[in-house]
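Report on the following structure.
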Amino acid sequence: MYKYFFSSVAFFVFLSQGVSAYIDPGTGSFVFQMIVGGVLGFFFVIKLYFRRIKSFILKIFRKNKNGVTK
Amino acid sequence: MESLNKNVSAVSSSFRDKAGFVFMEKGEVYRQINHVYKENYNFLLSSGLYDRLVEKKLIIAHEEMVDTTKERSCFKVIKPEKAPFISYPYEWTFSQLKEAALCLLKIQKIAFSFGMTLKDASAYNFQFLKGKAILIDSLSFEKYKKNSPWIAYRQFCQHFLAPLALSSKLDVRFLQLSRLFIDGIPLDLASKSLPIKTKFNFFLLSHIHLHSKMQSSYSQKNINLNNKKNYISKNSFLALLYNLEKNISKMKLKNFKSEWSDYYSFTNYTKDSYTFKKEIINKFLKKVSPKTVWDLGSNNGEFARLASSQGILTYAFDIDYNALEKNYYRVAKEKEKNLLPLFLDLKNPSSNLGWAHIERDSLEKRGPADMIFALALVHHLAISNNLPFKKIAEYFSKLGKYLVIEFIPKEDSKVKKLLSSREDIFLEYKKESFEKEFSNYFIIKESLQIKDSKRFIYLMEIKNN
């Protein structure tokens, strides 16, 4: 019974490792690049907007402080 | 200008790129650009990218030849500035590889802003000229198709990122793996070898570990390069480049001490004998006026600098990475233009490598140098490595025309140390035999005893020069 278990585990491990590439493995790199680029781009844009939002909010606070007092 | 030879034959290593090839004519280096690359080349120039890169000293400058070769495929011939010595990435130390990587990323960012991109990121496209990394392959650029991925990303990770990661996280000697893998270190190998803690580092987790897994899982699938699904936004592309640049800048070797790092603080020289040795070497340099000097066993380049400071192109070879790092750090800091530290294991130097043994040359093939320094070296070869004087002399005669060599007798404490852990079977190891064996290949022009020591220093000239 254990023999079945271990051999099926081994089978799936081998399956997931894949066979060595016949074609130049550039395809995986493209896909991966788009994913990583997407993630990094997302944080990059957030960082950019965060700075803008921050300076926008600070501008408003300064305006209120110096604002017309009635 | 005369038409160039009809039957130009490419330099043996220049055959992979369909855009063109490098050839020699009367000792000068030229690059033929084929029609297939015409559009990209014209854009490289007209967009202003070439000028910007030359101005920033990131790419090798070239002049356009008026004529072409008579080959039908030839669009244009250019004459790039000649590199006086070709070195290979597996001869570079960590900081040199890092500098080349950062240079590439800088070029790619600038190219991107001009609407172009690097189509390949091979470390062999770079050389060190005047102490800095520079791109020598002018045909590496192509017009960037909007929102397409960076085609050279995989190659960048294999040629640069993987060896840098392996050497900084595991051991610097893993840089030698590049000798075995001609197209960079396979990512799955790098991923398996790196310690598990690197999987908790987002940078290495992405570009090495997950990247490698993606490669394996897509290895059987086809992808259409023109597929609209291959989309990467401008921000994502730039973010990727910035991410690589930022993290590679932070990479460094762990502080490691090798037996050679404090070399000059415990050598057998009094201050006087050290100065004397330097004076003699300067005298020899003046006498011979070599154009190139190879310092074998250079350590931190102390004596190599006697040559390089006089404007002589000097290559400081050593087997110890810590010494190379120290030496290169100084080259970079003081912006030295004539000195290049390189890795060399003299008892197992790299041979002619690549396809049909013609792509990468052995040291011997890239020589001979005008002058070789073999200072405080021979006893290591003769005693620690059991090499007879005859064999050492024979190999040195293939490497250089003049030899500045030091003989250290058994009475010296350094040699005693080498003999302390083994039986003294070295009956031949005497000054007389040394001189006799070397005289079979060289003419001894001068020989002097170094003041305050029992060591001798010689100037030799190869026979039948």
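Computed from heavy atoms alone, side chains included, the values below leave out hydrogens, waters and symmetry copies. Order of the sequence lines fixes the chain letters, A, B, ..., with proteins taken first and strands second; residue numbering starts at 1 for each chain.
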Is the distance from the ring center of Phe237(B) to that of Tyr144(B) below 6.0 Å? yes
Does a donor on one side chain sit under 3.5 Å from an acceptor on the other, for Ser212(B) and Asp188(B)? no
Side chain, backbone, both or neither: which part of Ser233(B) has a non-hydrogen atom closer than 4.5 Å to chain A? neither
Among residues two or more places apart or on two chains, list those pairs meeting salt bridge (charged side-chain N to carboxylate O under 4.0 Å, His left out) that have a residue in residues 35-51 of chain A. none
Against chain B, label Ile35(A) side chain, backbone, both or neither, depending on which of its atoms sit under 4.5 Å from a heavy atom there. side chain
Under the salt bridge (charged side-chain N to carboxylate O under 4.0 Å, His left out) definition, can you give me all pairs with a residue in residues 231-247 of chain B, not counting sequence neighbours? Lys109(B)-Glu245(B)
Measure Leu238(B) against the heavy atoms of chain A and call it side chain, backbone, both or neither at under 4.5 Å. neither
